[in-house]
Amino acid sequence: MDYRIEHDSMGEVKVPADKYWAAQTQRSHENFEIGVGIETMPREITHAFGILKKAAAIANNRLKSDKMTDEKLNAISKACDEVIDGKLNEHFPLVVWQTGSGTQSNMNANEVIANRGNEIAGKKILHPNDDINMSQSSNDTFPTAMSIAAVLGLEDKVIPAIDILTESFKKLEKENEGIVKSGRTHLQDATPITFSQEISGWRSSLEKDRKLIEIALPELKELALGGTAVGTGLNAPKGFDKEVAKAVSKITGKDFVTAENKFHALTSKDEIVFAHGALKALACDLMKIANDIRWLASGPRLGLGEITIPENEPGSSIMPGKVNPTQCEAVTMVAVQVMGNDAAIGFAASQGNFELNVFMPVTIYNFMQSVRLLSEAMISFNKNCVSGIKANKDKMDSNLHNSLMLVTALNPYIGYENAAKTAKYAYKNNISLKEACTTLGFLSEEKFDEVFHPEQMV
């Protein structure tokens, strides 16, 4: 491999000749060989740095054009666009497990954009610190990148995936109106419910989760940029924070604003915790929905068997013909991972000592993993399972009429205690509720038929 010599304040460093990064990135690459190639800083953060560095250059050009000239802005903007588009991903090799402020990732962005910008300009006009990092600090750029990545992930990935799955449940709900089945509580038989009512519970859960995410978004849209090292805004021109927020908004098409209190923005991660709490709520509901579906589809002969789901692949290497609810299992595993991520994010957010939180890379790593897993799991679940759910009406009807909890309809006529005796007698003697009720002398056959209508109990 060919190398070139780069230098920083600590001296000279050998850097691969075909890479745009420089000395500080190389030092981090060598000093933190933890999860290399596997737990790389999320690409959403890489791209967010492209957005914020372009926005910073625009703001600097407006506020101090003598230093951030039009020529520099043009080169920086073009290099940043390549970062945003993912064209320079290979030049961002650093892992999550580095400094807790994300300083090395900030410098990675500074070095790559400077070197690529100089290449675009055809001459060396950009310095990583003096130009790309102008009016900034790692301490305010990394939390800003976190906010940008989180907002884009929630608005452009998670919410659309929720909407797709919600629409499928709406369609399924409409298709199954009027089908009455047995309800279940405590995993035991309960009073009747329509299948469409059961589906409406799934659909409504997703709609609530969407609202919770929307509630979290405005707080995430407050940017730390402009606070520089400790929140005072040292070395940033007056108005830089507002100008850079405007530029980020224009680039992304989202309504970002500057954080009112930069001291809070640098050290507290409460907005991320709150937003991920909404993701955890979504994960909990997806766990419930996926479990309901695989229970209802259990069988095909010895389970509940009240619905069928698509048969996507063989389910066993030894049992021929076996098909498993694999999409449900994938969703529930994703849910478990998101719940674990929530614990990690909570612990990390509690470590904001004095003027800076130094658990930011692990926080956003877990957050963005949750965003990716949930959005992709919902798309897969919808495509490969939910869209193909079919009601087994005969099985639902059979289970309904064999349910002892239909005895609840008799409460107004024979009382709670006599209804309980009827249910227990029917179960013990393996007979119908009608036989039990009439044998015990609580109602005549004619009166039983008059008042006992399971379909009307919903």
Side-chain angles (χ1 to χ4, degrees), residues 20-21 40-63 68 72-89 91-92 94 102-103 105-117 120 126 128 131-158 217-228 236 240-259 265 271-272 275 360-361 363-365 367-368 371-372:
Y20 288 126
W21 71 70
T40 305
M41 189 64 69
R43 286 301 168 220
E44 296 92 340
I45 288 294
T46 300
H47 304 157
F49 264 110
I51 292 168
L52 77 88
K53 293 296 179 181
K54 180 177 181 177
I58 292 170
N60 281 319
N61 178 255
R62 291 173 182 168
L63 297 171
M68 181 56 66
K72 288 182 177 181
L73 173 60
N74 181 61
I76 291 173
S77 294
K78 289 180 178 178
C80 286
D81 286 341
E82 293 183 3
V83 174
I84 296 167
D85 292 340
K87 295 178 180 178
L88 303 181
N89 282 351
H91 301 278
F92 290 85
L94 301 187
T103 297
S105 282
N106 179 48
M107 280 308 303
N108 187 183
N110 290 334
E111 292 174 344
V112 169
I113 294 167
N115 283 330
R116 177 58 183 140
I120 290 169
L126 301 173
D131 296 301
I132 315 304
N133 203 59
M134 186 185 295
S135 308
Q136 305 152 61
S137 162
S138 298
N139 296 351
D140 66 348
T141 59
F142 200 89
T144 297
M146 291 173 66
S147 294
I148 294 170
V151 168
L152 294 179
L154 293 176
E155 289 195 347
D156 297 345
K157 291 184 178 180
V158 177
L217 281 166
E219 302 301 324
L220 283 176
K221 291 179 178 179
E222 294 187 4
L223 301 181
L225 210 54
T228 64
F240 174 78
D241 55 354
K242 291 182 173 60
E243 286 296 324
V244 81
K246 290 178 184 176
V248 170
S249 298
K250 186 173 182 179
I251 294 168
T252 61
K254 313 293 184 184
D255 296 323
F256 287 97
V257 297
T258 190
E271 301 93 346
I272 285 282
M360 289 190 287
T363 298
I364 198 62
Y365 173 73
F367 190 96
M368 297 315 302
V371 165
R372 287 192 302 272

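Worth saying up front: this structure is predicted, and the values here are computed from it rather than measured.
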Exam field: side chain [X] to backbone [Y], donor-acceptor pair closer than 3.5 Å:
{"X": "Glu222", "Y": "Leu220", "value": "no"}
{"X": "Asp140", "Y": "Thr228", "value": "yes"}
{"X": "Thr103", "Y": "Ser138", "value": "no"}
{"X": "Asn61", "Y": "Ala57", "value": "no"}
{"X": "Asn60", "Y": "Met134", "value": "yes"}
{"X": "His91", "Y": "Val112", "value": "no"}

Inspect the contact between [Y] and [X] and indicate whether a charged nitrogen and a carboxylate oxygen are less than 4.0 angstrom apart.
{"X": "Asp156", "Y": "Lys254", "value": "yes"}
{"X": "Glu111", "Y": "Arg116", "value": "no"}
{"X": "Lys221", "Y": "Asp255", "value": "no"}

Side chains of [X] and [Y], heavy atoms from C-beta outward: is any pair under 4.5 Å?
{"X": "Ser105", "Y": "Phe92", "result": "no"}
{"X": "Val244", "Y": "Leu223", "result": "no"}
{"X": "Leu88", "Y": "Ile113", "result": "no"}
{"X": "Met68", "Y": "Ile76", "result": "yes"}
{"X": "Leu154", "Y": "Phe367", "result": "yes"}

(Q) Nearest 0.5 Å, please: how far is CD1 in Ile364 from CD1 in Ile45? (A) 4.5 Å
Please name the pair of heavy atoms, one in [X] and one in [Y], separated by the smallest distance, quoted to 0.1 Å.
{"X": "Ile132", "Y": "Leu126", "result": "CD1-CD1, 4.2 Å"}
{"X": "Ile148", "Y": "Leu52", "result": "CD1-CB, 4.1 Å"}
{"X": "Ala149", "Y": "Glu44", "result": "CB-O, 3.8 Å"}

